[in-house]
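Residue numbers begin at 1 in each chain, while the letters A, B, ... track the order of the sequences.
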2 protein chains.
Amino acid sequence: MATMKDVALLANVSTATVSRTLVKPESVSETTRLRVEQAVIETGYKINSQARSLRRNETRTVVVVVSDIDNPFYSEIIKGIEQEAVANDYLVVLGDASQQERDRIYSELVYTRQADGLILLGVPLPKPLKAKLNSSLPPLVMACEYEPDRKLPTVGIDNRAAAKEATEYLIKLGHHRIGCVTGMGDNPLTVCRLQGYKEALAATNIPFDEQLIVAEAYNPDGGSNAMRYFHSLAEPPTAIFCHADTQAIGVLHQARSLGISVPEQLSVMGFDGLPIGSYCFPTLTTILQPRVELGRVTMQSLMDSMKGLPARDRLLPHELIIRGSVAMR
Amino acid sequence: MATMKDVALLANVSTATVSRTLVKPESVSETTRLRVEQAVIETGYKINSQARSLRRNETRTVVVVVSDIDNPFYSEIIKGIEQEAVANDYLVVLGDASQQERDRIYSELVYTRQADGLILLGVPLPKPLKAKLNSSLPPLVMACEYEPDRKLPTVGIDNRAAAKEATEYLIKLGHHRIGCVTGMGDNPLTVCRLQGYKEALAATNIPFDEQLIVAEAYNPDGGSNAMRYFHSLAEPPTAIFCHADTQAIGVLHQARSLGISVPEQLSVMGFDGLPIGSYCFPTLTTILQPRVELGRVTMQSLMDSMKGLPARDRLLPHELIIRGSVAMR
DNA sequence: TTGTATGCGTTATCAA
DNA sequence: TTGATAACGCATACAA
């Protein structure tokens, strides 16, 4: 494998000149540049990124820690991140945090100098970083999830407003008993979206009923569970608002199994706007999150942060997508 | 940021001893080890991976180039790769090749010393590597795709046998006119699976009809297109075998739009065994590929290759999953 | 415009 | 068992 030394030898210049030619071509003379460029081709020289990074003290790599790579919601976000990263000469290391300890492993890469910054995708702040909250955190952006404790730079949509809009739409169509399937645990998304749901109810004087709220995982099984629960109620809801399309898919499936027809007997509203929603039966009414754009903006935000600029929150627009799973009561 | 020097100073030893303590603790005396370990904690020292890699001339990083990260088929494979990688102290860089030039960019990482090996996931051999086919390729494994030209180490299922099995199942249920939705272009998977399809027909003396073969992208739109095409035929098929579940989803959707009920009027068979298949309407009969295991084995194979061991092909078992989208003719 | 020399942080060799 | 030293490949300060 050729090094700069080989190139320098062939071009009859010093390695310093080779380096300059590659980094700042306008700082060397025309003839030297051509000679070096020729030598680079002839030797098949490729730069050793390790050495360059060590010297420059930067890696031009960012880590994306995603809560579950298998969740289709994230794949397009990752695509957006990747697009923006490559366009700016960054590399993306992808960490799946669905396994124990992975968030820790991946967030440490910043400290072992394998990455310059960190993106958390639906992942709470990992423990080792939590300890440093007060002192100095590495460049870091959270996407699609708000850290409840402290204020960390975040990119996402206005979840409260979006949930309110979704609920309002159901109310407008005559629904008063609206089931709500949230995420699990102390997920900040749950809090925001639940608040929007409550606000919509309150604005129309519909009493809030704790029985109509159920926490489930963001996947079809979670939706199935929720549907079974709602069905067991003395007075089941006439509409269900899921905090994720993946849950809505499970609701649709389970409703079918129970012989409940959607949207005739039950309206189902999703959240996220996954492509698969257009292929569900019935097609899924939902809130669209601009996922690719979310990814791009997240990466931009991180690059700002890595440049030392103050990272600010970014709120992107959402959109109510009306399809076939919601109907008049 | 603390370096070995800081640790050495605090522990009153040389940096060489610090290095030894970290790499080969049994090679230093008990007391030194304890002193060094203490100093590591006190300084908050983290190793600089760049420097280590430069010195050791290895990165412990592998690149996974995936044809489209948005295709759910790959996400579990990636998960398997990641599991095996982390378990063996490797890092995974993920490259999405759905954009122009990306396969080139990512495969070059091996040459710029940012990765030790390469996994191609549904991606043909990138150009820069094709040029070196005869000479020395870097450690490389292809997953779920066979390189037609040359023999490269590959991990996957027996696509021919699996397709044959799927087709035989349809034939057994009385179907004679079986549509086949393949992948696009000169995809090697298309060739293998089409061959299995043909073999099954031939074994039962069903004549092969070119009209019943249609090439489409591995996504729902591809399936929709195919369904429309089959519907336009003078004598449409009574069953459709899709080379991907994602296509089958589009077929199901389009059939619904056309008022064709599945499986009563039309049987639909998928391929891959994606989780979503259990939530389709009707639930999808399909061929299960052991995706996580495929990922693990692929990574194992690559690690063999990086150790200099001869990489051998690996064939993993598939399974026919009978659900609700296929019925007797 | 170019070359010399030095250092980035680590590890391997060699000698003590 | 330990330390001094050199080297991995590159980029920069400084001198020429």
Quiz item: In whole Å, what is the span from the CZ atom of A:R35 to the C1' atom of C:dT1?
Solution: 12 Å

Quiz item: With sugar-phosphate meaning primed atoms plus P, OP1 and OP2, does A:V13 contact a base, only sugar-phosphate, or nothing at under 4.0 Å between heavy atoms?
Solution: sugar-phosphate

Exercise. Please state how far atom CG in B:L34 lies from atom C1' in D:dT1, giving the value in whole angstrom units.
Key: 15 Å

Self-check item: Interatomic distance where NZ belongs to B:K24 and C1' belongs to C:dT13 [whole Å]
Solution: 13 Å

Quiz prompt | Modelled atom types, side-chain donor and acceptor of B:S14 and B:T17, under 3.5 Å | solution = yes

Quiz item: Taking only side-chain nitrogens and oxygens of B:S53, does any of them come within less than 4.0 Å of OP1 or OP2 of C:dT10?
Solution: no

Exercise. Verify the distance criterion only: is there a donor paired with an acceptor across the side chains of A:E84 and A:Q300 at less than 3.5 Å?
Key: yes

Self-check item: Any A:T32 side-chain nitrogen or oxygen under 4.0 Å from OP1 or OP2 of C:dT1
Solution: no

Exercise. Answer yes or no: is there an ion pair linking B:E30 with B:R33, defined by an N-O contact shorter than 4.0 Å?
Key: yes

Quiz item: With distance as the sole criterion, is a donor-acceptor pair present between the side chains of B:S67 and B:Y74 under 3.5 Å?
Solution: yes

Self-check item: Protein-to-nucleotide contact annotation, 5' to 3' order, nucleotides 6-16 of chain D [B base; S sugar-phosphate only; - none; under 4.0 Å, heavy atom]
Solution: BBBBBBBB---

Quiz item: Do the side-chain N and O atoms of A:T43 and A:D6 include a donor-acceptor pair separated by under 3.5 angstrom?
Solution: no

Quiz item: Under 3.5 Å, is there a donor-acceptor pair linking the side chains of B:S29 and B:T32?
Solution: yes

